[in-house]
Amino acid sequence: MIGVLRAELLSACKRPGVWVVGGAWTGLAVAFGTVVPYVVWLAIRNRRAGASGDPEKLIEGLLPDRFLAGTVDLYPMFGSALMLILGAVLVGGEYRWGTWGTLLVQGPGRTSAVLGKAVAAAAAVLCVSVLVLVVSAGASALVAGLTGRSAQWPDAATLLAGVGAVWLISMAAASLGIVLSVLLRSTGAAIGVGLLWLLAVENLVSGLAGPLSALKTLQEVLIGPSAGSLAAALDPTGRPSASVPGVVSVSGPLAASTVLAAYVVVCLGLSSMLVSRRDMA
């Protein structure tokens, strides 16, 4: 098993797709989480044409004391989609290149092979999560310096909770990408179906949950709303950031964490079952 883990971790490090997705998400997180809201704040403050809103409310969401919540707020609309692609790339490539048979013939059982890929995905997601938070913290500190605001950082426990929240959200989305790539035997198809679910179906359910109360229960077991709930729990104000529209909080942090953990367990369990029972040739 140790050999399988080492091989999968090495494989994940050498896959260009992992670096591309991780780098792209880090750049997008800074762009959508800090740069765009800061530019909008400048426009509102200077009362440029078309600018409206409260500039103080917007800039407060970019300061260090709220950067954790602001980063987590990005996952329902953007981050989950990128992490789903990451999971699909890590596992779906074996079908594209026809290397499942080569992998399994070298000794590891099918369950061990899936577990190795799951651990590699978890490690890759953790590295990306920490990188995104570090870069976002740096951008938040820069905003505080540019605006002359004080930099009040969350305490150590809150920072660890933020890392755990980002990792759990990312892992839930990556696990969905993994099970779709195994189910459909294709990276491209898995990404297409997964993005349709995360960006279209989940947002549609959240949009209709207000007028249709029957959808509220379904909304509570979706990745996006659960991510929004964790963001609200990390925010000192107890609500999602105003800089990212469409993010909703539907439950407490414990319930949201349980839903996301269930995605990881169920998706990886289904992946293991499918690989164990299918002809992988």
Side-chain angles (χ1 to χ4, degrees), residues 22-48 50-83 125-170 224-253 256-257 260:
W25 172 226
T26 302
L28 289 172
V30 174
F32 288 111
T34 304
V35 176
V36 172
Y38 181 73
V39 171
V40 173
W41 173 76
L42 288 175
I44 295 174
R45 188 189 65 172
N46 296 331
R47 299 300 179 189
R48 295 177 182 173
S52 61
D54 183 1
E56 286 302 312
K57 183 178 180 181
L58 183 60
I59 199 64
E60 286 174 359
L62 305 180
L63 297 178
D65 63 326
R66 295 181 63 186
F67 92 94
L68 277 176
T71 303
V72 178
D73 274 338
L74 298 172
Y75 277 81
M77 295 296 293
F78 308 107
S80 296
L82 271 296
M83 293 302 99
V125 164
L126 179 60
C127 290
V128 174
S129 300
V130 172
L131 178 61
V132 168
L133 286 174
V134 169
V135 175
S136 298
S140 182
L142 181 60
V143 169
L146 291 174
T147 58
R149 312 297 176 100
S150 61
Q152 299 179 354
W153 296 96
D155 56 40
T158 304
L159 288 173
L160 288 176
V163 173
V166 170
W167 179 82
L168 186 57
I169 297 166
S170 301
S226 297
S229 299
L230 291 183
L234 290 169
D235 197 309
T237 65
R239 63 179 184 273
S241 172
S243 62
V244 184
V247 180
V248 296
S249 174
V250 296
S251 60
S257 299
L260 295 170

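Among pairs with a residue in residues 141-153, those fulfilling salt bridge (charged side-chain N to carboxylate O under 4.0 Å, His left out) read E56-R149, at least two apart in sequence or across chains. Within the structure, salt bridge (charged side-chain N to carboxylate O under 4.0 Å, His left out) pairs that include any residue of residues 127-139 do not occur (at least two apart or interchain). For residues 127-161, the pairs satisfying ring pair (Phe, Tyr, Trp, His ring centres under 6.0 Å) are F67-W153, with sequence neighbours left out. Annotation: salt bridge (charged side-chain N to carboxylate O under 4.0 Å, His left out) contacts involving residues 127-148, sequence neighbours excluded, are absent. The list of salt bridge (charged side-chain N to carboxylate O under 4.0 Å, His left out) pairs with a residue in residues 24-40, not counting sequence neighbours, is empty. For residues 128-148, there are no ring pair (Phe, Tyr, Trp, His ring centres under 6.0 Å) pairs, not counting sequence neighbours.
Nearest heavy-atom pair across A31 and P37 is O-CD, 4.1 Å. Listed here is the closest heavy atom pair of S80 and I169: OG-CG2, 3.8 Å. Shortest non-hydrogen contact noted between A29 and L74 is O-CD1, 3.5 Å. In plain terms, the two heavy atoms of L234 and A165 that are nearest each other are CD1-CB, 4.0 Å.
By the 4.5 Å heavy-atom criterion applied to side chains, W41 and I59 are counted as neighbours.
When the side-chain hydrogen bond (donor to acceptor under 3.5 Å, both in side chains) test is applied to T158, the partners found at least two apart in sequence or on another chain are D155. In terms of the side chain to side chain contact (heavy atoms under 4.5 Å, CB included) criterion, residue partners of S170 (sequence neighbours excluded) are, by chain and number, Y75, M83, V125, S129, V166. Under the rule for a side chain to side chain contact (heavy atoms under 4.5 Å, CB included), the partners of L126 that lie at least two apart in sequence or sit in another chain are V130, V163, W167. Residues passing the side chain to side chain contact (heavy atoms under 4.5 Å, CB included) test with A256, sequence neighbours excluded: S226, S229, L230, S251.
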Report all side-chain donor-acceptor pairs from residues 131-144 shorter than 3.5 Å, counting only partners two or more places apart or in another chain.
residue	atom	partner	partner atom	Å
S136	OG	V132	O	2.8
S140	OG	L62	O	2.7
S140	OG	L63	O	3.3

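To the nearest 0.5 Å, the span separating CG on L260 from CG on L168 amounts to 4.5 Å. Atom CZ of R66 is separated from atom OG1 of T71 by 12.0 Å, given to the nearest 0.5 angstrom.
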